[in-house]
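Data block below; observations after.
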Amino acid sequence: MKMVLLGLIGAGKGTQAKLVAERRGLLHVSTGDMLREAVAQGTALGTQANDYMSRGELVPDELVIGMLLERISQPDASAGFILDGFPRTVAQADALQTALEAESQGIDIVPFIRVPEDMLLERIAKRAEIEGRVDDAPEVAQRRLREQAEGLEGVAAFYGEHGALCDVDGVGSVDEVFERLDAELERVSA
């Protein structure tokens, strides 16, 4: 199964992606984690990405796309993968689809974890306290949330047109959200 997991920052995408990956034996590919790892390792990509991330800006598509396509071509992605944090824009979704089609592949399902904005800002504030992430500071988080919402609604429409989109209620416990998400995945894999 090849899936894209959508959700605004604070929606629990990363947590849900890890749970799905464990249950279904899929590779969890988080572009955010990949970027933060590159920053921590001081790679050329990491240095470039850090300039954008520290200002709360999105890392340019060409940096992310190259890294992502290389990653999903690795043997450990052969059983399937979950993309977490990508695509963020219609242009990225289209580029991903084109790249996958060139390999005779495609995206099977695109769950969108939906959470009201006020709850997202609450969750982000808690995460900032716990993890001390610069990109989760309140003023940066609000701007990122607005920018991300515009892009993700376009991505959702893109995948909706391709019949892959499903909405998942992201309010509730981690387990409750996971059960809703897993039910959608089961529907597609049946």
Side-chain angles (χ1 to χ4, degrees), residues 2-18 20-21 26-77 80-100 102-103 105 107 110-113 115 117 120-121 123-156 158-159:
K2 294 172 182 72
M3 69 183 269
V4 169
L5 187 57
L6 299 179
L8 295 171
I9 53 173
K13 285 187 322 298
T15 299
Q16 294 300 327
K18 287 174 187 159
V20 170
L26 304 175
L27 174 67
H28 173 210
V29 181
S30 165
T31 54
D33 289 348
M34 288 172 69
L35 288 168
R36 282 187 287 278
E37 185 176 316
V39 168
Q41 292 176 353
T43 66
L45 170 64
T47 301
Q48 288 177 316
N50 191 48
D51 290 341
Y52 294 96
M53 292 166 63
S54 64
R55 294 190 303 263
E57 296 175 10
L58 298 175
V59 177
D61 293 351
E62 62 274 6
L63 292 177
V64 179
I65 289 172
M67 179 178 61
L68 181 65
L69 293 177
E70 181 180 26
R71 182 65 188 96
I72 64 175
S73 71
Q74 300 301 312
D76 61 348
F81 54 81
I82 303 166
L83 299 184
D84 166 10
F86 186 90
R88 300 179 311 246
T89 66
V90 174
Q92 289 175 343
D94 192 44
L96 176 63
Q97 181 165 320
T98 300
L100 290 173
E103 300 292 320
Q105 298 181 48
I107 297 296
V110 181
F112 193 151
I113 301 174
V115 179
E117 184 178 337
L120 291 174
L121 289 170
R123 290 178 181 183
I124 294 164
K126 283 182 186 170
R127 185 170 78 179
E129 254 180 60
I130 294 167
E131 298 178 20
R133 284 176 40 178
V134 176
D135 58 338
D136 281 344
E139 62 284 352
V140 173
Q142 260 188 322
R143 187 177 73 242
R144 284 180 64 212
L145 201 55
R146 280 191 302 271
E147 290 171 357
Q148 195 184 52
E150 291 173 21
L152 282 188
E153 288 303 333
V155 172
F158 175 89
Y159 285 114

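Just so it is clear, the values below take in all heavy atoms, side chains as well, and ignore hydrogens, waters and symmetry mates. A quick note: this is a predicted structure, and the numbers were derived from the prediction, not measured.
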Point-to-point distance, once rounded to the nearest 0.5 Å, from [atom1] of [X] to [atom2] of [Y]:
X: L121; Y: K126; atom1: CG; atom2: NZ; result: 12.5 Å
X: I72; Y: Q105; atom1: CD1; atom2: CD; result: 6.5 Å
X: K18; Y: I82; atom1: NZ; atom2: CD1; result: 11.5 Å
X: L6; Y: F112; atom1: CG; atom2: CZ; result: 5.5 Å

With heavy-atom distances below 4.5 Å as the criterion, would you say the side chains of [X] and [Y] are in contact?
X: L5; Y: I113; result: yes
X: I107; Y: Q97; result: no
X: R123; Y: R127; result: no

Which atoms form the tightest heavy-atom contact between [X] and [Y], and what is the distance?
X: D84; Y: A17; result: OD2-CB, 4.1 Å
X: R71; Y: A77; result: O-CB, 4.4 Å
X: V90; Y: F158; result: CG1-CD1, 4.1 Å
X: K13; Y: L8; result: NZ-O, 4.2 Å
X: V155; Y: R88; result: CG2-C, 3.5 Å
X: V39; Y: G46; result: CG2-O, 3.2 Å

Please determine if R55 forms a cation-pi arrangement with Y52, meaning its NZ or CZ atom is less than 6.0 Å from the six-membered ring centre and no more than 45° off the ring axis. yes

Steps toward side chain to side chain contact (heavy atoms under 4.5 Å, CB included) verdict (L96, L83): CA-CA 11 Å; L96 176 63; L83 299 184; 3.5 Å; yes

